[in-house]
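Remember, it's a predicted structure, so these values are computed and weren't measured experimentally. In this chain, residues are counted from 1 in sequence order.
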Amino acid sequence: MKNTFKKGILILLIALTASLLAIGASAADVNTGDAGGVFYTAIVDQPLYLSSDVTFSSLNDSVLAQTGQSIQYIMFDNAGNTYGWFNGSSGEVLVESKPYMYGELVSSYYLAHSEGTEDIQMRIYYTTTQYLTFAIHINAFNADSQIITYTTEDNKVVTFAEADFNNVALIRTGTSLSRIYINDANSNSGGKIVYNFTDTNTFSEISGSAYFTYNGISPRISSLTFIPRAGFTGIAEFEYTAYTTTNESYKGKIRITVGSVDNLNYRVDSNGLVRFDRQDFNEFCLKYTDEPLHYVVFTLPESSKGKLVYGATSRTAYTTNVSADERYYFYESPYLGEVAFLPSGSYTGNAEIEFTAYTSSGVFVKGKIVIGITLPKTLNYATTSDKFVTFKQSDFESVVKAFSDAEIEYVTFTQPDAKGGTLTYNFGNPVPISPKYQYKLDESPMLKYVSFTPAANFSGKVTILYMAYTETSAISGTIIVDVTAAHSQSKPKSDYFTDVDASYAWAAGAIDYLYEEKVVNGMTATTYVPAANIKRGDFILMLYRAYNLNAAFSENFSDVPTNSYYYQAIGVAKAMGIAQGRGDNKFDPDSSITRQEAFTLILRTLDKVGVKLDSTKTVSFNDQTSVASYAADAIKALANAGVLDPDANGNIRPNENLIRVDMAVALYRILILD
């Protein structure tokens, strides 16, 4: 009878509105999305009719919403036959890879031949080549194998709920329950069912002929209690016979699991979130009911520990809060897989959430989710102020492994305070990262190319927030980068030159740094001669080395010998517009260079290599009128950026010759600023 299956009516979603055009699957067919799925319950050897007046128009509405077009035709990837067959209106078995019009499916039905779960996969074509997938999930059971499940701890009794038995009757027959008989109330080794239980010594035994009613008249189903045998753990199962108000009868089973029911366990950090895996609930349901999951109802957690949310993509982005009386379905919306737990952010410890899992035939089992909430995981790195540090993928994988066996899908980052440095992607051509980007293990943008570059001259600890996402969890954490100074302008004395002693301590670090970077050499193997003047050719050579200048050139200044050690450096600087000479195509390389000439060459070099000076202050000096017009901008920019300092008398001394120690300090400062 069709009313037997009212509770299983498919909320399908189809309407065929057009003639078939060039029907037939081909290599050009394109799967453009998922139209969802529905869950049905069937009884073996009884046809399960599909409701065309509800289903087909609903699916067509869904397809219209997704694609803007109506359904043209439907094809089955499989039409059953593991546990039953999908049949057309005239009883013929529907076949795969054949297009079906609306009229051919309006009275279609599924006929189960044995117990089991069947997945019917369909393609819903809205053009001749484009389709959405749709699934019908059918759970078939024998008429005498309906199971009502309960769970209890060791040595604790269970009192039956009469509504559980009535729900089975409605699903099985479409009619309300009248009464039941317990066939073997006292014969089970796991315990016995008694009536009017008060305590373990006060109750009534049940005879095989005793019946118990649903309608509230004594003797009532709600006065039945299961008492487990002392020391028993396991499953106790009882058969019962039910009669409906129309005197239809069927056999069923009561299954009581005695002992601790497995918890569903998750871990998350206090600033993360965890999405529930619907398969965990399905496996739990199968274990304790022998039937697949249909939907779950949750008891809400304590608000001080966290909350349940729906449709979460991050801690701040989710669709709505979970409702305590809402059903969250395995196959239908609202989807169980979209439910997530969001810790409060301040609590650590265990959060427990009770739930009830229901099968499509009305069997249910109660369980508990236990979520371990811990502090966010900290990753530690160290670097010096002149070097970037690249994060290790394995570190993030270890963080995730501490919470679950899931694989990382991607990681997101929040930029730290700019005073400490910047997170960049692709250190060969770095660009600042964005929190909206998802950095993956095996796809671009890739996690292994994320780096942190300290700010110039910064030392201290930098805090970077990250979030590692798996399919079911979002695990937050903190990266601490300990940045130490790589070098300093000052040190007690040079490590390389005997004449850079304590009297030059203010510049010894700068000189050693430039020597280590192969920008400058000593005048001998052991002396630097810090007070000596710098030649114009030597200064260009030092800029050339400091910034790895490179440009093709076909001519040089006429007074620069081709065999000179600075020939290449001056030729490149001329081609780049840095070295502009003194007129008549002459550079005068062996003359001493003045301070304002050197500072002008420095600013030109910075402009050519793309280094922008950050002028955070305005520096004034007493001999400003002595600065030549061509050098005014350079001296102003370098002074404001901290490259130049006025002397004790407040003078820059633009026309004096630049000596080697001052050259070293100026070059050191601009390289550190870079």
Side-chain angles (χ1 to χ4, degrees), residues 266-275 277 312-316 340 343 345 348 372-487 516-517 672 674:
Y266 292 90
R267 293 188 65 188
V268 69
D269 70 81
S270 57
N271 291 324
L273 65 86
V274 57
R275 299 185 189 91
D277 187 343
T313 56
S314 70
R315 282 186 60 86
T316 57
T348 58
I373 306 171
T374 62
L375 292 173
K377 176 69 174 177
T378 299
L379 299 176
N380 294 290
Y381 291 87
T383 188
T384 53
S385 56
D386 63 335
K387 295 179 181 178
F388 66 80
V389 58
T390 301
F391 303 142
K392 297 178 181 178
Q393 290 188 170
S394 58
D395 288 344
F396 297 93
E397 291 177 295
S398 296
V399 168
V400 171
K401 289 296 183 186
F403 287 91
S404 71
D405 291 329
E407 299 292 332
I408 290 179
E409 290 199 340
Y410 58 89
V411 179
T412 61
F413 298 91
T414 300
Q415 281 283 5
D417 189 322
K419 293 179 181 179
T422 307
L423 279 176
T424 59
Y425 180 74
N426 190 10
F427 40 79
N429 183 24
V431 294
I433 70 162
S434 169
K436 69 180 181 180
Y437 292 134
Q438 301 172 352
Y439 298 91
K440 305 178 178 68
L441 268 62
D442 301 314
E443 301 177 38
S444 183
M446 298 183 73
L447 180 59
K448 66 181 180 180
Y449 296 137
V450 175
S451 300
F452 171 73
T453 301
N457 297 322
F458 177 84
S459 62
K461 295 185 184 296
V462 178
T463 300
I464 302 166
L465 302 180
Y466 71 88
M467 192 79 79
Y469 289 85
T470 70
E471 184 178 356
T472 60
S473 301
I475 301 162
S476 74
T478 303
I479 301 169
I480 302 294
V481 183
D482 189 359
V483 182
T484 56
H487 35 68
E516 290 166 357
E517 295 295 317
I672 295 303
D674 182 17

Requested in this report: Say whether Ser270 and Thr348, considering side chains only, have a donor N or O and an acceptor N or O under 3.5 Å apart.
Outcome: no
Query raised in the report: Are Leu441 and Glu397 side-chain neighbours, meaning at least one heavy-atom pair lies under 4.5 Å?
Result: yes
Requested in this report: Mind checking side chain to side chain contact (heavy atoms under 4.5 Å, CB included) for Pro454 and listing every partner two or more places apart, or none if nothing turns up?
Outcome: Thr383, Phe452, Val483
Query raised in the report: Would you say the side chain of Thr424 lies within less than 4.5 Å of the side chain of Asn426, judging by non-hydrogen atoms?
Result: no
Requested in this report: Could you list the residues that satisfy salt bridge (Lys or Arg N to Asp or Glu O under 4.0 Å) with Asp482, not counting sequence neighbours?
Outcome: Lys461
Query raised in the report: Do Ser314 and Tyr469 come within less than 4.5 Å of each other through their side chains, counting heavy atoms only?
Result: yes
Query raised in the report: Residues in side chain to side chain donor-acceptor pair (under 3.5 Å) with Thr463, at least two apart?
Result: none
Query raised in the report: Can Leu379 and Tyr466 be said to form a side-chain contact (heavy atoms from CB on, under 4.5 Å), step by step?
Result: CA-CA 10 Å; Leu379 299 176; Tyr466 71 88; 4.0 Å; yes
Report task. Could you tell me whether the side chain of Ile464 reaches within less than 4.5 Å of the side chain of Val481, counting heavy atoms only? Result -> yes
Query raised in the report: Within the distance-only criterion (no hydrogens, no angle test), does the side chain of Arg315 pair as donor or acceptor with the backbone N or O of Gly272 below 3.5 angstrom?
Result: yes
Report summary line: Those residues at least two apart in sequence (or on a different chain) that pass salt bridge (Lys or Arg N to Asp or Glu O under 4.0 Å) with Lys401 are Glu407
Query raised in the report: Do the ring centers of Tyr410 and Tyr437 come within less than 6.0 Å of each other?
Result: no
Query - side chain to side chain donor-acceptor pair (under 3.5 Å) partners for Asp395, two or more places apart - result: Tyr381
Report task. May I ask you to decide if the ring planes of Tyr425 and Tyr439 are parallel, tilted or perpendicular, using 30° and 60° as cut-offs? Result -> tilted
Requested in this report: Let me see the working for Val268 and Ile475 under side-chain contact (heavy atoms from CB on, under 4.5 Å), right down to the final yes or no.
Outcome: CA-CA 6 Å; Val268 69; Ile475 301 162; 5.5 Å; no
Query raised in the report: Quick one: side chain to side chain contact (heavy atoms under 4.5 Å, CB included) partners of Gln415, sequence neighbours excluded?
Result: Thr422, Leu423, Pro432, Ile433
Query raised in the report: Can you name the side chain to side chain contact (heavy atoms under 4.5 Å, CB included) partners of Glu517, sequence neighbours left out?
Result: Tyr513, Val519
**Report entry** Pairing residues for Thr313 by the side chain to side chain contact (heavy atoms under 4.5 Å, CB included) criterion, not counting sequence neighbours
**Finding:** Ala317
Query raised in the report: Can any side-chain N or O of Tyr266 pair as donor or acceptor with the backbone N or O of Asp277 at less than 3.5 Å?
Result: yes
